[in-house]
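Below: one structure, written as structure tokens.
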2 protein chains.
Amino acid sequence: MNQTAKKYSLGFRVWINEEHGHFLGIGRVRLLENIRKTGSITNASKAMKMSYRQAWQMVEDMNDASEKPLVEKILGGKGGGGAMVTEAGEKAIKLFYKLEEKVNKFSKELGAKIKL
Amino acid sequence: MNQTAKKYSLGFRVWINEEHGHFLGIGRVRLLENIRKTGSITNASKAMKMSYRQAWQMVEDMNDASEKPLVEKILGGKGGGGAMVTEAGEKAIKLFYKLEEKVNKFSKELGAKIKL
DNA sequence: AACCGGTATGCTTTCTGAAACATACCACAA
DNA sequence: TTGTGGTATGTTTCAGAAAGCATACCGGTT
């Protein structure tokens, strides 16, 4: 499988670490967005066909790793409760995309020069 | 788990893609280095406690995705055979580390500015 | 031609992380 | 006080991946 000149590009993945471990990556950001859209962890998890358990754990981890919770959960009440993205959560989403975009730009430039 | 100001940093992972998929990441690079050191896929895989099968498959994939093979395999012969990293392989290793280092530098700069 | 040690590849078994299931709790509404 | 629907959490099932086993091949050496 050789002869023809091949094209190479640079792939990458970024995430934000808190001192004790992983804090926020693209997966969690998408979860946040789904929570914002659907109003609950349950519905968000369904929307992205992820188990409730996993989604709930993610939220828990995020909140723990953050100074201020990114998601606020409501127990009981009308409609049984729900969850919403806090102001801090919105900021985190924005920040993540900003960083990712910068790395993306940088890596595209680098990738264009790859020559084996 | 809040109150105290937390420190955040940017984590990342890079790899090289060939047009039909993944080509070279840190895992494969380490495998190459172990093959260089030990002279065979068998010993390299043992050194990094990975199954021979998996290591062999990685080599196969790499070679397929590359214009020139990164690893040359020797069947039979004295000592039963072996494997060695080609010139192209060495170049690929160097290139990968170079790219990774650049991204690393960039992401460190970015990470230093994270403020939530 | 028998041995050696690595490559090559099919087949089986084991393991583990994810999903699924089950259940209790919560607070408001009617 | 009963119903509702989401949160919270322990327990069990299960599929797919990884590991392990088995075997054939290869080509020098002795």
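Values below: all heavy atoms of this structure, side chains included; hydrogens, waters and symmetry mates excluded. Everything numeric in this text was worked out from a predicted model, so none of it was measured. Protein chains get the first letters and strands the later ones, always in sequence-line order, with residue 1 at the start of each.
Rounded to whole angstrom, the span from the OH atom of B:Tyr52 across to the P atom of D:dG20 amounts to 16 Å. Counting to the nearest Å, the C1' atom of C:dA18 and the CE atom of A:Met58 are 12 Å from each other. Between the NZ atom of B:Lys46 and the P atom of D:dG20 there is a distance of 12 Å, rounded to whole Å. Remark: C1' of C:dT7 and CD of B:Gln54 are 17 Å apart, rounded to the nearest angstrom. B:Met84 has its CE atom 16 Å from the P atom of C:dG6, to the nearest Å. To the nearest angstrom, P of D:dT9 lies 11 Å from CD1 of A:Ile41. Between the CD atom of A:Glu72 and the P atom of D:dT7 there is a distance of 13 Å, rounded to whole Å. Straight-line distance from the NZ atom of A:Lys78 to the P atom of D:dT2: 25 Å, rounded to whole Å.
If you check D:dG10, D:dA19, C:dA8 against the side chain of A:Arg53, the one that comes closest is D:dG10.
Take the nearest nucleotide of DNA chain C for B:Glu60 and for B:Gly79: the residue whose nucleotide is more 5' is B:Gly79.
Counting non-hydrogen atoms under 4.0 angstrom, B:Ser40 reaches the backbone sugars and phosphates but no base. Looking at heavy-atom distances under 4.0 Å, A:Gly77 makes contact with a base. Contact annotation for A:Gly81: backbone-only contact, meaning every heavy-atom pair under 4.0 Å involves sugar-phosphate atoms and none involves a base.
Between A:Trp56 and D:dT7 there is no side-chain N or O to OP1 or OP2 distance below 4.0 Å. Here A:Lys73 reaches the OP1 or OP2 of D:dA8: one of its side-chain N or O atoms lies under 4.0 Å away. OP1 or OP2 of C:dT7 sits under 4.0 Å from a side-chain N or O of B:Thr42.
Between A:Lys73 and A:Glu60, at least one side-chain N (NZ, or NE/NH1/NH2) sits under 4.0 Å from a carboxylate O, which counts as a salt bridge. Remark: A:Glu18 engages B:Lys6 in a salt bridge, criterion side-chain N to carboxylate O under 4.0 Å. Taking a cutoff of 4.0 Å between a charged side-chain nitrogen and a carboxylate oxygen, A:Arg36 and A:Glu90 qualify as a salt bridge.
Separation of the A:Phe12 and B:Phe12 ring centroids does not fall under the 6.0 Å cut-off.
Residues A:Ala65 and A:Phe23 share a closest heavy-atom pair of CB-CD1, 3.6 Å.
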